[in-house]
Amino acid sequence: MTSFVIPGQPLSASTSTGEAQAGPGTFVRGGKVFASRVGKLSSEGPLVSVEGKDDTQAIPEPNSIVIGTVSRITRQAATLSLLTVDGRPCRPDFAGVIRSQDVRQTAKDSVKMWSCFRPGDVVRAKVISLGDARSYFLSTAANPLGVLFAVSTTTGSALEAISWEEMRDPTTGETESRKVAAPE
């Protein structure tokens, strides 16, 4: 099996049942195997790996572009577990926060976080400041920033982008609201 994957994309449902083992270019979080870099997915038996450029771990700085997985949502903010910084893997303990006023360039007062992000979404964002001791402040207030990969809340299928604010489940045709990243 060979396909193109991005950092943070789930590669297997579970490692606890022995279905898959993390190989080069992957990591395990919450019992699931994820891609840690951009590259081609390959699997040989139970070993899942990603072939691609292997850089040293990076540290987020202002104006860095990060990719992370949404881990928590409140009315005011979405918390991300950061996976990459400027295309390079980072330590798994880096976290970022997208505040409601940093989601869009316009209509900042009407942003509803739950209609922009959901837990598990893979998001591309820009570091706007170092934040506090626990997390960096992030922004998706530009067209190429936002949700890159999401899964349907009803069927579990990967969603496809249909506009800057909606994604569609290809199996059922149902749409879900997201702050979608435009292709670069």
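Here the structure is a predicted model, which is why all the values come from computation and not from measurement. Nothing fancy with the numbering, it's 1 onward along the sequence.
The salt bridge (charged side-chain N to carboxylate O under 4.0 Å, His left out) search around Glu61 returns none, not counting sequence neighbours. Listed by chain and number, the residues in a side chain to side chain donor-acceptor pair (under 3.5 Å) with Ser177 amount to none (sequence neighbours excluded). By the ring-ring contact (aromatic ring centres under 6.0 Å, His included) test, Tyr136 pairs with Phe94, sequence neighbours left out. Taking the side chain to side chain donor-acceptor pair (under 3.5 Å) definition, one finds that Ser71 meets it with nothing, sequence neighbours left out. In this view, Pro119 and Ile73, Trp114 satisfy the side-chain contact (heavy atoms from CB on, under 4.5 Å) rule, not counting sequence neighbours. Under the side-chain contact (heavy atoms from CB on, under 4.5 Å) criterion, Glu174 pairs with Thr154, Thr172, not counting sequence neighbours. Partners of Arg118 by side chain to side chain donor-acceptor pair (under 3.5 Å), not counting sequence neighbours: none found. Remark: Ser115 pairs with no residue by the side chain to side chain donor-acceptor pair (under 3.5 Å) rule, at least two apart or across chains.
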Could you list the donor-acceptor pairs under 3.5 angstrom formed between side-chain atoms of residues 74-84 and any protein atom two or more places apart in sequence or on another chain?
from	atom 1	to	atom 2	distance (Å)
Thr74	OG1	Gln76	N	3.3
Thr74	OG1	Ala77	N	3.1
Thr74	OG1	Ala77	O	3.2

For residues 137-149, run the donor-acceptor check on the side chains, cut-off 3.5 Å, and write out each pair with its distance to 0.1 Å, sequence neighbours left out.
from	atom 1	to	atom 2	distance (Å)
Ser139	OG	Asp102	O	3.2
Ser139	OG	Ala141	N	3.0
Thr140	OG1	Val103	O	2.9

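Put simply, the side chain of Asp121 never gets that close to the backbone of Val123: no donor and acceptor are under 3.5 Å apart.
A continuous path of hydrophobic side-chain contacts links Met113 to Val70 [ILVMFWY only; heavy atoms under 4.5 Å].
Here the side chains of Val122 and Gln9 are not in contact, with every heavy-atom distance at 4.5 Å or above. Between Val180 and Glu166, the closest side-chain pair of non-hydrogen atoms is not below 4.5 Å. You'll find the side chain of Cys116 reaches within 4.5 Å of the side chain of Arg104, heavy atoms only.
Counting only residues at least two apart or in different chains, salt bridge (charged side-chain N to carboxylate O under 4.0 Å, His left out) contacts with residues 140-164 comprise Glu160-Arg168. Pairs passing the ring-ring contact (aromatic ring centres under 6.0 Å, His included) check and including a residue from residues 150-169, sequence neighbours excluded, do not occur.
For the atom pair CD1 (Ile65) and CG (Asp86), the distance works out to 7.0 Å, reported to the nearest 0.5 Å. Rounding to the nearest 0.5 angstrom, the gap separating the CG atom in Asp93 from the OG atom in Ser135 is 12.0 Å.
Residues Gly156 and Val151 approach most closely at O-CG1, 3.1 Å, considering heavy atoms. Considering every non-hydrogen atom in both Val66 and Val85, the closest pair reads CG1-CG2, 4.0 Å. Pro62 and Leu130 make their closest contact through CD-CD2, 3.8 Å (heavy atoms, listed as atom of the first residue, atom of the second, distance). The shortest heavy-atom contact between Ala125 and Ile98 is CB-CD1, 4.5 Å. Here the closest heavy-atom approach between residue Leu159 and residue Arg178 is recorded as CD1-NH2, 4.0 Å. The heavy-atom pair separating Ala150 from Met167 by the smallest distance is CB-SD, 3.9 Å.
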Audit row: Gln101, Val111, side chain to side chain contact (heavy atoms under 4.5 Å, CB included) steps and yes/no: CA-CA 8 Å; Gln101 66 263 31; Val111 170; over 6 Å; no
